[in-house]
Amino acid sequence: MAISDEDIQRVRDGNDLIEVMAERVPMKQRGHDFWCCCPFHEERTPSCKADPSTQLWHCFGCGEGGDLFSFIMKIDDVGFLDAVRFLARRAGIDIQETEGGANGSSMSEKARLKDVCAKTAEFYHTQLMRNPSPEAGQARSYLAGRGLGGKVPKTWNLGYAPGRGALVNHLRSLGFKDDEMIKANVALRRNNGQVADRFYNRVMFPIADVRGDCIAFGGRVIGTGEPKYLNSQETPLFHKSRVLFGLDKAKAAITASGEALVVEGYTDVIALHEAGIQNAVATLGTSLTVQHIRELSRYAKNRIVYLFDGDEAGQRAADRALQFIDMSMTPESGRKPIDLYAVTLPDNQDPMEFVSAHGADAMTAQLANAVPLIKFGIDRHLARYDLSRPEQRAAAANDALSILAPIKDSLLAKDYAVQIASLCRMREDDVLSRLESIPVPRRSNQSDSQPAPETFAEAAPVADRAATQAVSALPSDERNRLTLERELLSLLAKDPGLALAYAQWLAQISWRSDLHAAISSALLDVLAANPQVDSGTLIRTVSQQVPAAAQVLTGGSQNFNGTPAESARFIVEELSIGDQEQAYEELQAQMRALKDQISPEEYDQLYHMAVQLKAAVEQAKSTHRMV
């Protein structure tokens with residue numbers, strides 16, 4: 001279904017952001033803006049600002065932000081069309097919905113890609129159930145041998161991917177384009193230009209979003225082959241740092257019990273659900289992330305239990321989980337902590353093996369033995385040492401205290417330090433003194449499967465901890481540069497007409513942040529497609545292409561004395577001068593490196609280029625004025 005741009009604008013005009021937010025959270029006016037305690041994270045003092053003139057909101061605590069539609073989508077956990085429908089009913093506006101069409105290319109594209117995934121899942125399931133080939137028979141035998149036969153394939157819509165172009169040909173017959181299959185990551189384009197199935201001779205596990213819509217796939221190879229498990233890559237629908245396998249089926253049980261169980265594989269989730277433990281979910285090719293925890297905490301009000309395999313890979317995952325120990329777990333944080341627990345299965349077993357061998361009751365007993373993540377980490381570190389030997393006890397205490405470094409100033413850390421002293425048979429005062437001297441580590445919230453730029457963008461919303469820690473290590477001029485980049489993007493997003501005027505400059509700026517570069521590129525794409533776009537639509541559309549964009553585009557402080565146009569001019573000039581200075585420094589470095597390797601004539605050419613560049617920098621500075 002689609003709603004016309006005209007109806008969407010009528011709905012936008014018929015609702016006021018401040019009034020809509022005030023129906024959900026208490027709002028207080030401070031000067032021009034309105035403030036509230038953010039409904040998307042626990043806090044005691046208001047950090048969420050709504051601007052009545054721009055009709056945009058931004059939380060400086062968790063980084064969320066957007067327009068009227070984004071607020072409803074976030075707080076009600078609905079899609080864009082449902083948000084428009086709700087606001088239309090609220091304002092008493094009649095809207096017309098039609099089949100097909102588009103509300104902007106990104107919305108129609110996502111709907112189309114979901115359709116690709118849905119039809120792909122249907123095709124794979126049919127192949128598993130009806131394909132008479134020996135390979136499909138091996139897939140059925142594999143599932144049966146793992147206890148996943150009977151009704152399980154139908155319940156979980158499991159499938160088989162035959163490969164050899166069978167899926168591509170099927171989807172083409174349904175009217176899907178090659179580019180749509182590639183963007184949904186169910187197909188790929190080979191070097192010879194031909195489009196081929198992405199998955200070949202694999203048992204297929206459809207991956208659904210929280211609403212139950214198929215958005216990606218995981219495939220397990222039949223027999224031998226690498227990789228053993230193959231997940232969909234990142235797509236406009238699928239972001240592995242946010243999606244949890246089985247959450248669509250588990251959310252009711254999680255809400256009822258108040259507890260979420262996190263495991264590491266699709267088969268583990270299915271086996272646990274079939275055994276009656278229906279609050280289980282799994283990460284997808286990445287360790288648990290901050291975004292996963294935030295998603296789970298919407299349903300799990302008591303605790304989140306991370307269940308680790310007993311093998312070596314599971315223990316490495318257990319060590320990575322310790323990254324989540326921070327001040328948010330302590331009473332001093334001023335907000336309800338997220339209770340993270342952990343437990344490791346015995347005998348090197350994974351959850352599927354354990355529940356198959358011992359049953360659901362034995363698994364429930366294991367989960368009852370889960371301990372707080374901090375204690376789990378301390379116990380793991382102490383277990384590495386022979387505490388009967390004095391020299392080992394001293395080393396063990398230091399190792400265990402490293403777990404407490406991120407929360408060293410809290411009462412909780414001191415309580416655990418006292419326990420460490422007792423276990424290591426050391427004086428409490430000595431252990432507390434060592435705790436005091438431990439430096440607080442800098443952390444980036446990066447998972448081992450994500451590159452730094454992507455992780456920085458994804459982790460930024462959580463109280464900006466990762467962003468603050470990463471940026472604080474930079475020199476002051478680089479920190480100022482990143483701040484100016486954010487200010488410019490925010491300023492232009494709130495005034496699309498101004499953004500059009502500076503489009504050429506946006507394309508020329510050498511962005512220091514990969515996130516800022518991606519946002520700038522998306523801004524230019526949206527403006528090129530629709531020069532008349534309003535601010536809310538611009539921010540929402542860019543955010544669909546760059547998930548962390550809303551936090552940047554709605555978060556500028558705008559601490560300038562001039563008009564928006566004057567502020568934009570000043571920032572663009574400042575960034576341009578910075579780019580020229582960097583080019584000059586790089587050219588000088590090149591000259592020093594090549595001085596003895598090139599001819600005098602070539603060196604003179606570089607020298608004259610440097611002189612001209614330096615003169616251009618000085619000229620730009622001479623006319624540059626503060627706003």
Check your understanding: Are Phe376 and Tyr341 an aromatic pair by the rule of ring centers under 6.0 Å?
Key -> no
Check your understanding: Can you name the closest pair of heavy atoms from Gly536 and Leu56 and give their distance?
Key -> CA-CD2, 4.3 Å
**Study point:** Step-by-step side chain to side chain contact (heavy atoms under 4.5 Å, CB included) determination, Asp209 to Asp248
**Key:** CA-CA 6 Å; Asp209 62 17; Asp248 58 314; 5.9 Å; no
Review point. If you round to the nearest 0.5 Å, how far is CG of Asn201 from CD1 of Ile222?
Key: 6.0 Å
**Study point:** Aromatic centroids of Tyr306 and Phe308 separated by under 6.0 Å
**Key:** yes
Practice item. Taking atom types as modelled, find out whether Arg12 and Thr537 have a side-chain donor-acceptor pair closer than 3.5 angstrom. Key: yes
Exercise for review: Check step by step if salt bridge (charged side-chain N to carboxylate O under 4.0 Å, His left out) holds for Lys74 and Glu64.
Suggested key: CA-CA 9 Å; Lys74 177 74 177 174; Glu64 295 288 352; 3.3 Å; yes
Practice item. Would you mind reporting whether Asp339 and Pro372 have side-chain heavy atoms less than 4.5 Å apart? Key: no
Check your understanding: Between Lys114 and Leu237, what is the shortest heavy-atom contact and its length?
Key -> N-CD1, 3.6 Å
Review point. Leu401 versus His381: any side-chain heavy-atom pair under 4.5 Å?
Key: no
Exercise for review: Work out which heavy atom in Arg202 is nearest to a heavy atom in Pro227; give both atom names and the distance.
Suggested key: NH2-O, 2.8 Å
Practice item. Output the distance between atom CD1 (Ile254) and atom CG (Leu247), rounded to the nearest 0.5 Å. Key: 5.5 Å
Review point. Is there a side-chain contact between Val281 and Lys251, using heavy atoms and a 4.5 Å cut-off?
Key: no
Review point. If you look at every heavy atom in Ile215 and Phe238, which pair is closest and at what distance?
Key: O-CB, 3.9 Å
Practice item. Please round to the nearest 0.5 Å and tell me the distance separating atom OG of Ser410 and atom CG of Leu404. Key: 7.5 Å
**Study point:** Note: Lys414-Asp409 ion pair, threshold 4.0 Å (strictly below)
**Key:** no
Point to revise | ring-ring contact (aromatic ring centres under 6.0 Å, His included) partners for His273, two or more places apart | key: Trp156
Point to revise | Stepwise side chain to side chain contact (heavy atoms under 4.5 Å, CB included) check, Asn279 with Thr255 | key: CA-CA 9 Å; Asn279 61 336; Thr255 301; over 6 Å; no
Check your understanding: About how many Å separate CG of Leu17 and CG of Asp67, when rounded to the nearest 0.5 Å?
Key -> 8.0 Å
**Study point:** Check against side chain to side chain contact (heavy atoms under 4.5 Å, CB included), Val186 and Asp197
**Key:** CA-CA 6 Å; Val186 299; Asp197 294 1; over 6 Å; no
Review point. Taking the side chain as C-beta and beyond, is there a heavy-atom pair between Met352 and Leu148 under 4.5 Å?
Key: yes
Check your understanding: Is there a side-chain contact between Val203 and Arg140 (heavy atoms, below 4.5 Å)?
Key -> no
Check your understanding: Is the distance between the ring centroids of Tyr124 and Phe217 less than 6.0 Å?
Key -> yes
**Study point:** Value rounded to 0.5 Å, distance of CD1 in Ile407 from CD1 in Ile374
**Key:** 3.5 Å
Review point. CZ/Phe176 to CG/Leu167 distance, rounded to the nearest 0.5 angstrom?
Key: 10.5 Å
Review point. Can you list the steps and then say if Trp57 with Phe40 is a ring-ring contact (aromatic ring centres under 6.0 Å, His included)?
Key: CA-CA 13 Å; Trp57 61 277; Phe40 307 119; 5.6 Å; yes
Check your understanding: Relative to each other, are the rings of Phe205 and Tyr266 parallel, tilted or perpendicular (30° and 60° limits)?
Key -> parallel
Point to revise | Ionic contact status for Arg90 with Glu23, cut-off 4.0 Å | key: yes
Practice item. Would you tell me whether Asp361 and Thr364 have side-chain atoms, one donor and one acceptor, within less than 3.5 Å of each other? Key: no
Practice item. Would you check, one step at a time, whether the test side chain to side chain contact (heavy atoms under 4.5 Å, CB included) holds for Ile207 with Ser232? Key: CA-CA 9 Å; Ile207 298 168; Ser232 293; 5.6 Å; no
Check your understanding: How far apart are the closest heavy atoms of Pro206 and Cys214, and which atoms are they?
Key -> CB-SG, 4.1 Å
Check your understanding: So, do Pro346 and Gln366 sit near enough that their side-chain heavy atoms are less than 4.5 Å apart?
Key -> yes
Exercise for review: Give a yes or no on whether Lys183 atom NZ has more than 12 heavy-atom contacts from other residues, nucleotides or ligands under 6.0 Å away.
Suggested key: no
Check your understanding: Would you call Phe354 and Leu272 a side-chain contact if the rule is heavy atoms closer than 4.5 Å?
Key -> no
